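A short worksheet on the structure shown next.
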Amino acid sequence: MDIIRKALPYPKDFFFPSFLPDKEEILFFDIETTGLSPKSAQIYSIGLLLFKASEMEIVQLFANSLSEEIEVLQKFQEYCNAKTQFISFNGKAFDTPFLEKSYSQYGLKSPITGLPQLDLFKMIQSRRKFYQLPSYKLKECERFLGIQREDIYTGGELIYVYLEYLEHPTEEAKALLLQHNFEDLLYLPSLFSFFAYEELFQGKGSYCREKSELLSKENKLRLCFRFAKSTFPSETEENTFRDEAQEYSHKSTAEKNTFFSKAISHHFEGFQLEVSGREAVLEIPLFSGEAKYFFKHFQDYDYIPAKDMALHRSLSELYPKEEKQRAKAATAYQKKTGLFLPVFSDSFPNLFQKEYKEKQNYIPFTPELLMNNSLMEEYFLSFLLHFF
């Protein structure tokens with residue numbers, strides 16, 4: 001068995017999610033196998049990426065023969081000691097069950113069974129309506145971030161390279177096998193950039209009142225939200241590995257010193273969402289006209305046809321019997337004319353509709369709404385969760 005180690009700098013402006021434990025408790029892992037089923041295939045390589053105080057380290061455990069699989073598994077077990085968070089890409093569906101089956105064949109327990117695992121594939125794919133990528137394979141996610149690989153092969157294609165290597169070992173074939181696994185690991189921390197977009201859906205943006213406004217001519221409302229991030233390591237630590245950083249620059253075209261690594265825009269139903277740099281800007285079409293507020297307990301109201309409105313019975317007593325009728329759910333309303341803001345949560349007060357049982361709700365728009373930071377932040381989050 002060969003053990004290959006490589007120390008690397010952290011990516012510049014590295015986004016580190018705040019919910020993760022101390023970075024030195026984290027282990028990224030990726031396996032390479034001779035097939036898709038552990039019943040008929042074996043693991044020939046396990047790659048690990050470790051976070052250290054001022055650098056990352058990639059460790060590759062490589063079996064030069066199928067008989068060395070047990071050595072690879074035992075060494076991986078050693079690296080898992082004292083780690084509390086395991087991170088992979090599609091690991092929950094493939095790597096983890098494959099490891100468990102492989103360990104069990106030797107009468108061993110997988111070192112990651114029952115421990116916290118973060119599957120980056122599942123996190124990214126869960127927002128597919130937002131990202132709208134052609135697919136959610138690893139290389140496609142990397143391309144979204146502007147990462148350009150040297151490795152052009154898939155794990156499936158390299159199975160045949162490894163089987164040929166077993167028969168006729170060459171340094172060229174081995175380098176090809178290691179390069180693929182190395183780049184799978186190298187770019188996994190860069191996928192943390194997707195967690196920046198995830199903060200949109202956790203309501204972590206701060207409402208920017210000075211850049212939010214009513215666009216009167218267009219009957220639109222523009223809301224702006226700002227995001228701030230903390231990165232590591234320090235600039236001093238980055239400078240220590242400047243030469244390495246030039247060699248492994250992650251070949252990314254993403255802009256630096258931004259919160260969101262790539263701009264994303266959505267245009268639909270009159271709405272416009274622009275996410276770029278450190279800001280998210282949402283433009284909302286306002287409804288101008290007449291809307292109705294429907295009373296919940298319609299049994300307590302009478303409908304006045306001449307006024308086209310409902311009144312509580314304590315007030316409708318002033319009207320003659322022939323000028324009123326028992327209100328129904330569809331007629332227990334009062335009307336209001338003006339500007340209305342479409343809303344996407346029942347938690348907002350005084351919900352209006354254009355007609356009875358219409359799905360879209362509204363609230364009356366007043367300029368004072370723009371002064372309510374918490375309400376605007378709640379509104380933005382409800383919009384995102386409704387559409388994405």
Side-chain angles (χ1 to χ4, degrees), residues 124-134 144 194 196-227 258-294 308 330 333-388:
I124 297 168
Q125 196 218 26
S126 69
R127 302 294 181 195
R128 54 189 176 275
K129 288 184 180 179
F130 180 72
Y131 297 117
Q132 297 186 353
L133 302 183
F144 170 80
F194 281 96
Y197 302 99
E198 195 62 23
E199 294 206 358
L200 287 165
F201 298 93
Q202 295 174 1
K204 292 190 177 180
S206 298
Y207 175 59
C208 183
R209 189 185 301 173
E210 62 270 21
K211 295 187 71 174
S212 300
E213 59 181 332
L214 171 65
L215 305 175
S216 302
K217 292 183 179 180
E218 304 172 47
N219 264 359
K220 284 190 172 184
L221 186 64
R222 177 182 292 155
L223 303 178
C224 179
F225 302 85
R226 283 183 179 156
F227 294 78
T258 63
F259 187 83
F260 302 107
S261 58
K262 185 175 180 178
I264 294 179
S265 62
H266 289 281
H267 304 261
F268 54 88
E269 300 178 19
F271 295 91
Q272 181 173 320
L273 175 64
E274 300 286 344
V275 179
S276 64
R278 294 179 178 272
E279 294 181 346
V281 177
L282 175 63
E283 287 192 4
I284 309 134
L286 299 177
F287 165 62
S288 178
E290 183 181 88
K292 299 173 181 177
Y293 177 80
F294 291 89
D308 190 19
Y333 60 77
Q334 287 197 346
K335 299 186 294 185
K336 183 179 179 67
T337 301
L339 282 179
F340 294 86
L341 177 67
V343 296
F344 311 98
S345 168
D346 293 338
S347 64
F348 292 95
N350 303 322
L351 296 177
F352 282 72
Q353 297 171 319
K354 291 181 182 179
E355 297 296 340
Y356 179 62
K357 280 195 173 181
E358 186 174 284
K359 291 182 179 180
Q360 182 60 65
N361 291 323
Y362 299 85
I363 59 173
F365 174 77
T366 63
E368 287 74 24
L369 288 178
L370 288 170
M371 308 300 289
N372 191 329
N373 291 24
S374 61
L375 184 66
M376 292 297 94
E377 289 169 2
E378 180 185 354
Y379 180 85
F380 184 50
L381 179 59
S382 68
F383 168 84
L384 291 170
L385 295 177
H386 176 78
F387 284 105
F388 304 108

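Below, each value reflects all heavy atoms present in this structure, side chains not excepted, and no hydrogens, waters or symmetry copies. Numbers here simply count residues along the sequence, with the first being 1. This one's a predicted model, so the numbers in the text were calculated from it and none came from an experiment.
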Whether over 12 other heavy atoms sit under 6.0 Å from Lys220 NZ:
yes
Would you say Glu358 has more than 12 foreign heavy atoms packed within less than 6.0 Å of its CD?
yes
Measure across [X] and [Y] and return the closest heavy-atom pair with its distance rounded to 0.1 Å.
X      : Y      : value
Lys336 : Pro364 : CE-CB, 3.8 Å
Phe227 : Ala280 : CE1-CB, 4.0 Å
Ser347 : Glu378 : OG-OE2, 2.8 Å
Ser382 : Ser345 : CB-CB, 4.0 Å
Lys354 : Tyr362 : CE-OH, 3.3 Å
Leu221 : Glu213 : CD1-O, 3.5 Å

Does any part of the side chain of [Y], heavy atoms only, come nearer than 4.5 Å to the side chain of [X], both counted from C-beta?
X      : Y      : result
Leu286 : Leu341 : yes
Tyr207 : Phe380 : no
Phe225 : Leu200 : no
Arg278 : Arg226 : no
Tyr379 : Pro342 : yes
Phe259 : Glu199 : yes

Atom pair [atom1]/[atom2] of [X] and [Y] - distance to nearest 0.5 Å:
X      : Y      : atom1 : atom2 : result
Tyr293 : Ile363 : OH    : CD1   : 13.0 Å
Phe352 : Lys292 : CZ    : NZ    : 12.0 Å
Asn373 : Arg209 : CG    : CZ    : 4.5 Å
Phe344 : Ile284 : CZ    : CD1   : 7.5 Å
Arg127 : Ile264 : CZ    : CD1   : 12.0 Å
Leu223 : Glu279 : CG    : CD    : 12.5 Å

Are [X] and [Y] close enough that their ring centers fall under 6.0 Å?
X      : Y      : result
Phe144 : Phe194 : yes
Tyr333 : Tyr356 : no
His266 : Phe388 : yes

Evaluate the criterion side chain to side chain contact (heavy atoms under 4.5 Å, CB included) for residue pair Phe383 and Leu282; output intermediate values, then yes/no.
CA-CA 9 Å; Phe383 168 84; Leu282 175 63; 3.6 Å; yes
What's the verdict on side chain to side chain contact (heavy atoms under 4.5 Å, CB included) for Glu377 and Lys204, showing C-alpha distance, side-chain angles and the deciding distance?
CA-CA 9 Å; Glu377 289 169 2; Lys204 292 190 177 180; over 6 Å; no
Under 30°, 30 to 60°, or over 60°: which ring-plane class applies to Phe268 and Phe387, parallel, tilted or perpendicular?
tilted
Which word best sums up how the rings of Phe130 and Phe201 line up, parallel for under 30°, tilted for 30 to 60°, or perpendicular for over 60°?
perpendicular
The test is side chain to side chain contact (heavy atoms under 4.5 Å, CB included); show your working for Gln353 and Phe340 and say whether it passes.
CA-CA 10 Å; Gln353 297 171 319; Phe340 294 86; over 6 Å; no
From CA spacing to verdict: side chain to side chain contact (heavy atoms under 4.5 Å, CB included), Leu133, Arg128
CA-CA 7 Å; Leu133 302 183; Arg128 54 189 176 275; over 6 Å; no
Determine yes or no for a side-chain-to-main-chain donor-acceptor pair under 3.5 angstrom, with Ser212 supplying the side chain and Cys224 the backbone.
yes
